[in-house]
Structures are given as structure tokens and as C-alpha cells.
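A quick write-up on the structure given underneath.
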Amino acid sequence: MAASVAVLGVTGAVAGLATYGTFTDSTSPVVTTTATGVVSIDLAKGAGAATLSLFPNGGFLAGDSESSPVDLVNDGTSALSRISLASRATTSSALDADPADGLQLTVRDCSVDWAKVDGAWTCSGASSTLYSGRILLDATLPGLDSLAPGGVDHLLLTAALPATASGGSVGGASSALDFTFTAVQRDGAAR
């Protein structure tokens with residue numbers, strides 16, 4: 001009987017030992033790096049333009065227009081999701097307030113530098129119109145090359161006073177305008 005109890009005790013001890021165990025594992029460290037990008041756009045005078053001032057001649061008569069070439073450059077390291085152009089009047093008059101007879105703005109893009117030929121700006125490459133409407137705007141400019149780091153867009157901004165704006169509320173009016181380009185970084189994504 002004592003031998004049976006001893007055998008049962010040893011069997012129970014061995015069975016108990018078999019239910020315990022320890023496991024270990026390891027891996028070599030994973031090297032990760034993080035970095036930030038730079039969001040930056042720059043305006044530069046377009047080819048053939050002496051200064052970066054927009055519409056320096058002013059003095060519009062009905063039917064007049066004036067163009068200014070500028071280069072929009074993504075000089076940052078990050079891709080952009082959009083670039084918009086906004087303008088506001090710091091000194092307002094009918095020139096910017098009248099939607100029909102006030103100043104109108106056209107923004108065109110050229111795949112190469114704009115060239116002045118016989119007093120008019122011409123594009124010898126592919127061109128597209130990015131905006132056409134009132135001079136006061138807040139609009140996203142579509143399809144820009146400058147959305148990519150290092151990208152450049154050769155823009156031509158043209159202000160025009162419609163031929164219908166003879167005298168009336170725009171005669172002798174004066175406005176001062178600020179133009180602002182705004183870049184927005186592309187959305188992040190899980191990697």
C-alpha cells in the first residue's frame with residue numbers, strides 16, 4: 001500500500017513537471033528612419049520679365065489688358081496636393097467690385113518659358129488656361145507641374161478691363177490688389 005502511494009506521488013510529480021515550460025525568442029533590431037519634408041513654393045520673374053511686379057503699367061482703358069509672366073516653383077522636398085491663387089483688394093473700387101465691367105483675370109500655363117514676340121507674350125509649347133474670371137478670386141489651379149518637388153509652372157497672369165467698361169462706375173477708379181499663392185501638402189498615408 002505504501003509502495004502504491006509512493007508510485008502515485010511520483011507519477012503526480014512527473015505529470016505536474018510536464019505542464020510547465022518556458023519559451024524565449026528574440027530578433028535583431030529593425031532599423032527605421034523618419035524624416036520630415038519641406039513644403040515651399042517660390043515665385044520668380046518669368047523669362048523676359050525685368051521685375052516681379054504684376055501689372056506695373058496700370059492705367060487701364062476699356063478694352064486694355066496687361067500681362068505678367070511668373071514662374072511658380074516647388075522648391076521644397078514634399079509633394080503638394082493643391083496650389084491655389086487668391087487675390088484681395090487692399091484699396092477697393094468698382095475696378096475690383098463690379099463683376100461685369102470690373103477687371104478680369106486670366107491665368108495661363110505654358111510648358112516652356114513665355115516669350116515676348118512683337119509686344120505680345122506667346123507660348124511655343126503646350127499651354128492651358130487655369131483660371132478665367134473676376135480679378136478677385138480664391139481658386140485652386142488645376143494640373144500644375146509644381147505639385148511635384150522641383151516642378152516649375154510658367155504662368156502668365158493677364159488683367160483686362162472689358163470693352164463694355166466705358167466710363168460709368170469704373171472711370172477714374174483705382175484699386176490696389178494683393179495676390180497670394182498657397183500650397184497645401186499632400187495627405188499622409190500609412191506605410
Side-chain angles (χ1 to χ4, degrees), residues 30-60 64-92 95-96 102-161 174-191:
V30 176
V31 178
T32 60
T33 59
T34 58
T36 59
V38 175
V39 175
S40 177
I41 56 173
D42 185 39
L43 283 180
K45 59 186 176 186
T51 64
L52 185 56
S53 116
L54 296 178
F55 321 122
N57 296 327
F60 288 92
D64 280 353
S65 67
E66 186 175 351
S67 298
S68 295
V70 295
D71 287 344
L72 181 62
V73 181
N74 181 341
D75 61 349
T77 59
S78 291
L80 305 173
S81 64
R82 72 179 181 277
I83 297 176
S84 60
L85 171 60
S87 65
R88 67 180 182 90
T90 56
T91 302
S92 186
L95 286 173
D96 60 83
L103 287 169
Q104 304 296 306
L105 180 69
T106 303
V107 180
R108 295 181 61 213
D109 191 7
C110 183
S111 59
V112 296
D113 284 332
W114 290 91
K116 201 160 199 177
V117 177
D118 296 329
W121 292 102
T122 61
C123 174
S124 62
S127 69
S128 61
T129 299
L130 304 178
Y131 174 83
S132 184
R134 291 184 62 191
I135 197 137
L136 293 184
L137 74 146
D138 188 357
T140 297
L141 301 177
L144 295 175
D145 292 333
S146 54
L147 293 175
V152 177
D153 287 287
H154 307 286
L155 304 179
L156 185 70
L157 282 69
T158 302
L161 189 62
S174 178
S175 291
L177 303 166
D178 279 347
F179 289 87
T180 306
F181 286 88
T182 303
V184 177
Q185 183 177 343
R186 68 164 176 76
D187 292 334
R191 298 178 194 235

Do you know the tightest heavy-atom contact between [X] and [Y]?
X      : Y      : value
Asp145 : Val152 : CB-O, 3.5 Å
Ala86  : Asp138 : CB-OD1, 3.8 Å
Gly125 : Val112 : N-CG2, 3.7 Å
Ala183 : Leu80  : CB-CD1, 3.8 Å
Pro149 : Gly76  : CB-O, 3.7 Å

Sub-4.5 Å side-chain heavy-atom contact between [X] and [Y]:
X      : Y      : value
Phe179 : Ile135 : yes
Asp109 : Ser128 : yes
Leu156 : Thr106 : no
Phe181 : Leu155 : yes
Asp96  : Thr91  : no
Phe60  : Leu103 : yes

- Query: Do Asp75 and Ser40 get their side chains close enough for a donor-acceptor pair, meaning under 3.5 Å?
  - Reply: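 Checked: Asp75/Ser40 side chains pair up, N/O donor to acceptor below 3.5 Å.
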
- Task: Applying side chain to side chain donor-acceptor pair (under 3.5 Å), name anything that partners Thr122, two or more places apart in sequence or on another chain.
- Result: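 For Thr122, no residue satisfies side chain to side chain donor-acceptor pair (under 3.5 Å) once neighbours in sequence are set aside.
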
- Ser87: side chain to side chain donor-acceptor pair (under 3.5 Å) partners, not counting sequence neighbours: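 Per chain and number, Ser87 pairs via side chain to side chain donor-acceptor pair (under 3.5 Å) with no residue.
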
- Among Asn74, Asp42, Asp153, whose side-chain hydrogen bond (donor to acceptor under 3.5 Å, both in side chains) with Ser146 holds?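 That would be Asp153; it is the only one of Asn74, Asp42, Asp153 passing the side-chain hydrogen bond (donor to acceptor under 3.5 Å, both in side chains) with Ser146.
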
- Determine yes or no for a side-chain-to-main-chain donor-acceptor pair under 3.5 angstrom, with Ser111 supplying the side chain and Ala126 the backbone.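 Yes, the answer is positive, given that a donor and an acceptor are paired below the 3.5 Å cut-off.
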
- Query: Any donor-acceptor pair under 3.5 Å linking the side chain of Thr182 with the backbone of Ser84?
  - Reply: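 Checked: no pair found.
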
Any chance you could measure [X], atom [atom1], to [Y], atom [atom2], to the nearest 0.5 Å?
X      : Y      : atom1 : atom2 : answer
Leu177 : Leu136 : CG    : CG    : 6.5 Å
Tyr131 : Leu157 : OH    : CG    : 11.0 Å
Leu161 : Gln104 : CG    : CD    : 8.5 Å
Leu72  : Ile83  : CG    : CD1   : 4.5 Å
Trp114 : Ser67  : CH2   : OG    : 8.5 Å

- Counterpart residues, salt bridge (charged side-chain N to carboxylate O under 4.0 Å, His left out), relative to Asp178 (two or more places apart):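 So Asp178 forms a salt bridge (charged side-chain N to carboxylate O under 4.0 Å, His left out) with Arg88.
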
